[in-house]
Amino acid sequence: DIDDVGHKYYLELELEDVLDKDRTVKCTAEVLYHLGSKASAPDVQLTVQGELRSTEEADKEFYNRIRSLEKELVAENIPDSHGNVPPALEPIHLLAWVASGYVTWQNSTENTKFHLAQVKHVKQVKRSDEDLQFDYVLLLHEMVSQEVLPWEVTVLWHPQRGARVSQCQGPGAGN
Amino acid sequence: HQVLHIVPETLQQVQHIQVLCSTLMLDLWKPLLPEDIRAGLDLHIRVPAPLVQEVKDSLDQHMISYRYILIPDVQKLVDQSMPRERSSHRQVAGGYVYTEYHPMEEIYQWMTQIQKSNSELVTQHFLGKTFENRTMYYLQISQPSNKPKKIIWMDCGIHAREWISPAFCQWFVKEILQNYKSDPKISRFLQNLDLYVLPVLNIDGYIYSWEEDRLWRKSRSPYENGTCYGTDLNRNFNSSWGSVGVSFNCSSDVFCGLGPESEPETRAVAQFIKSKKSDILCYLTIHSYGQLILTPYGSTTKPPSNNEELMQVATEAAAALTGKYGTSYRVGSTALILYSNSGSSRDWAHTIGIPLSYTFELRDEGTYGFVLPADQIQPTCEETM
């Protein structure tokens with residue numbers, strides 16, 4: 001407890017590589033949840049102790065594959081109702097996870113627990129610069145309220161520059 | 001196991017073999033269906049090791065001669081036989097694919113078939129009707145005996161999107177029926193206990209999750225003039241109803257209904273369990289996801305009177321589960337390790353006097369969440385078994 005500021009958590013984590021289950025990396029993190037209901041994202045400091053494996057080749061292959069598509073990629077329901085993800089869409093699924101991490105970070109309090117439930121929709125948008133752009137509708141499940149709500153997230157990705165969220169909009173103002 | 005070659009000589013012998021095949025659930029290789037067994041025609045039956053003696057004794061008793069086939073190439077023999085995939089005549093497990101998710105129509109058919117093929121042990125019973133007027137059935141697995149037996153109740157699918165839950169109930173029934181003669185643990189169980197299994201509690205919601213919205217959770221009763229649907233059935237029971245962890249707004253996924261037991265599905269279950277409560281030892285309700293074994297209560301952190309016993313049993317269960325594939329489960333009361341809630345079926349079962357009352361949250365921990373891939377059905381069910 002930090003008076004007048006908030007609650008700080010010190011974490012020791014072990015990350016597991018989804019694509020290489022035997023590979024783990026240790027991390028430490030400090031997370032500060034701010035006091036009050038100002039709805040601001042917690043502050044996060046992360047230190048990775050060790051090296052993340054190089055994904056250069058796979059990144060290049062994915063980048064070239066998407067860039068060379070004649071028609072923009074469009075997909076829905078990843079995974080499908082039975083939990084299947086077509087192999088060609090695996091990278092899109094993984095990128096969605098990254099994006100959902102951003103949404104989770106921006107919307108977490110000490111009383112929320114988010115998971116990506118499903119990618120409802122994804123549409124590639126061709127750009128004149130070198131980034132790939134994917135407009136996602138992500139369904140995030142929040143454990144305490146049990147709600148599954150759609151988030152519209154625009155993700156830019158580049159082999160060297162990595163992933164960035166350029167736009168993020170929460171469940172519809174309409175209803 | 002052994003493959004017996006028999007040529008029945010009379011109609012009586014044919015009939016005896018047919019009875020033997022269905023009561024012991026033997027694997028017919030040739031012909032495939034019991035009704036195709038004929039006097040004078042070659043019959044090949046695969047007999048699992050634990051049943052060999054019993055089968056031989058029975059054949060001897062009826063003066064039916066047999067010999068053993070040595071199978072040099074089992075695969076070839078298998079390939080020669082017709083595709084056995086979806087034959088609805090097969091017994092217990094044959095034909096029904098337990099490693100896939102099934103829509104409600106198929107689950108209804110499965111229940112009928114299970115009772116038909118295992119009528120000495122299984123009876124299907126009417127429990128009640130859902131809001132959309134669908135019939136709720138439970139299966140009673142009970143070995144005939146002259147001594148009164150205690151009951152273990154298990155329900156699945158109270159939340160529509162948790163597909164692994166009904167898949168587990170079906171798997172569970174199959175496992176019991178397939179192994180009760182050969183597995184000493186299971187046969188001892190059934191000597192002293194009756195099992196009551198409700199494979200899908202929230203049928204309307206389950207169907208809706210197949211046809212309209214895979215991530216639907218609640219029932220399908222309409223509120224506010226049909227502009228809003230569904231009650232969270234696991235907030236609708238009469239245990240501190242409406243006090244915590246709920247919403248009174250119909251559009252919420254934890255809407256607790258207009259009052260305790262306001263929903264027909266809740267009433268159907270509650271009525272039945274109340275009527276049998278003095279005989280029910282254990283109430284189990286299966287959910288996903290989270291990998292948890294949850295004990296009462298959700299509405300308060302004050303422990304139940306038999307907390308030590310509840311925790312001990314749950315801890316042993318979690319250890320056994322982890323022992324299978326290393327899947328780790330956490331154990332504790334909902335209020336302490338998950339969140340606060342009220343009106344849950346598990347809490348209600350405990351408050352009316354059922355001593356052992358547990359919620360299982362099956363795989364996984366959020367990677368796939370509700371859309372658990374079908375290839376995880378088998379390991380999930382095996383470890384939970």
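Naming: A, B, ... by sequence-line order, numbering from 1 per chain.
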- request: Compare every heavy atom of A:Val148 with every heavy atom of B:Leu215, then report the nearest pair and how far apart it is.
  value: CD1-CG1, 3.7 Å
task: Could you pull out all residues at least two apart from B:Tyr339 that satisfy ring pair (Phe, Tyr, Trp, His ring centres under 6.0 Å)?
output: none
Crowding at NZ, A:Lys126 (>12 non-hydrogen neighbours, <6.0 Å): yes
message: Assess the residue pair B:Lys218 and A:Gln146 against the criterion (side chain to side chain contact (heavy atoms under 4.5 Å, CB included)); give the C-alpha distance rounded to whole Å, side-chain angles, the decisive distance to 0.1 Å, and a yes or no.
response: CA-CA 10 Å; B:Lys218 303 184 289 177; A:Gln146 286 296 324; over 6 Å; no
task: Select all residues of residues 363-370 of chain B having any heavy atom within less than 4.5 Å of some heavy atom of chain A, and report them by number, or 'none'.
output: B:Glu365, B:Gly366, B:Thr367, B:Tyr368, B:Phe370
query: Crowded around A:Trp105 CH2? As in, over 12 foreign heavy atoms under 6.0 Å?
result: no
query: Should we say atom CD of A:Gln49 is surrounded by more than 12 heavy atoms from elsewhere, each under 6.0 Å from it?
result: yes
message: Quick one about A:Gln118 and B:Arg214 (side-chain donor to acceptor, distance below 3.5 Å, no hydrogens or angles considered), yes or no?
response: no
message: Sort by residue number and list every residue of residues 251-259 of chain B having at least one heavy atom under 4.5 Å from chain A.
response: B:Ser251, B:Ser252, B:Asp253, B:Val254
query: Should the heavy atoms of other residues, nucleotides or ligands under 6.0 Å from CD of A:Glu14 be counted, would the total exceed 12?
result: yes
field: Results of ring pair (Phe, Tyr, Trp, His ring centres under 6.0 Å) for A:His158 - residues two or more places apart only
entry: A:Tyr63
query: Is there side-chain contact between B:Arg161 and A:His141, with at least one heavy-atom pair below 4.5 Å?
result: yes
statement: Turns out that what part of A:Asn77 lies under 4.5 Å from chain B's heavy atoms comes down to neither
statement: Under 4.5 Å to a heavy atom of chain B? For A:Ser81 that would be both
query: Got a sec: does the CD of A:Glu110 have more than 12 other heavy atoms crowding it under 6.0 Å?
result: yes
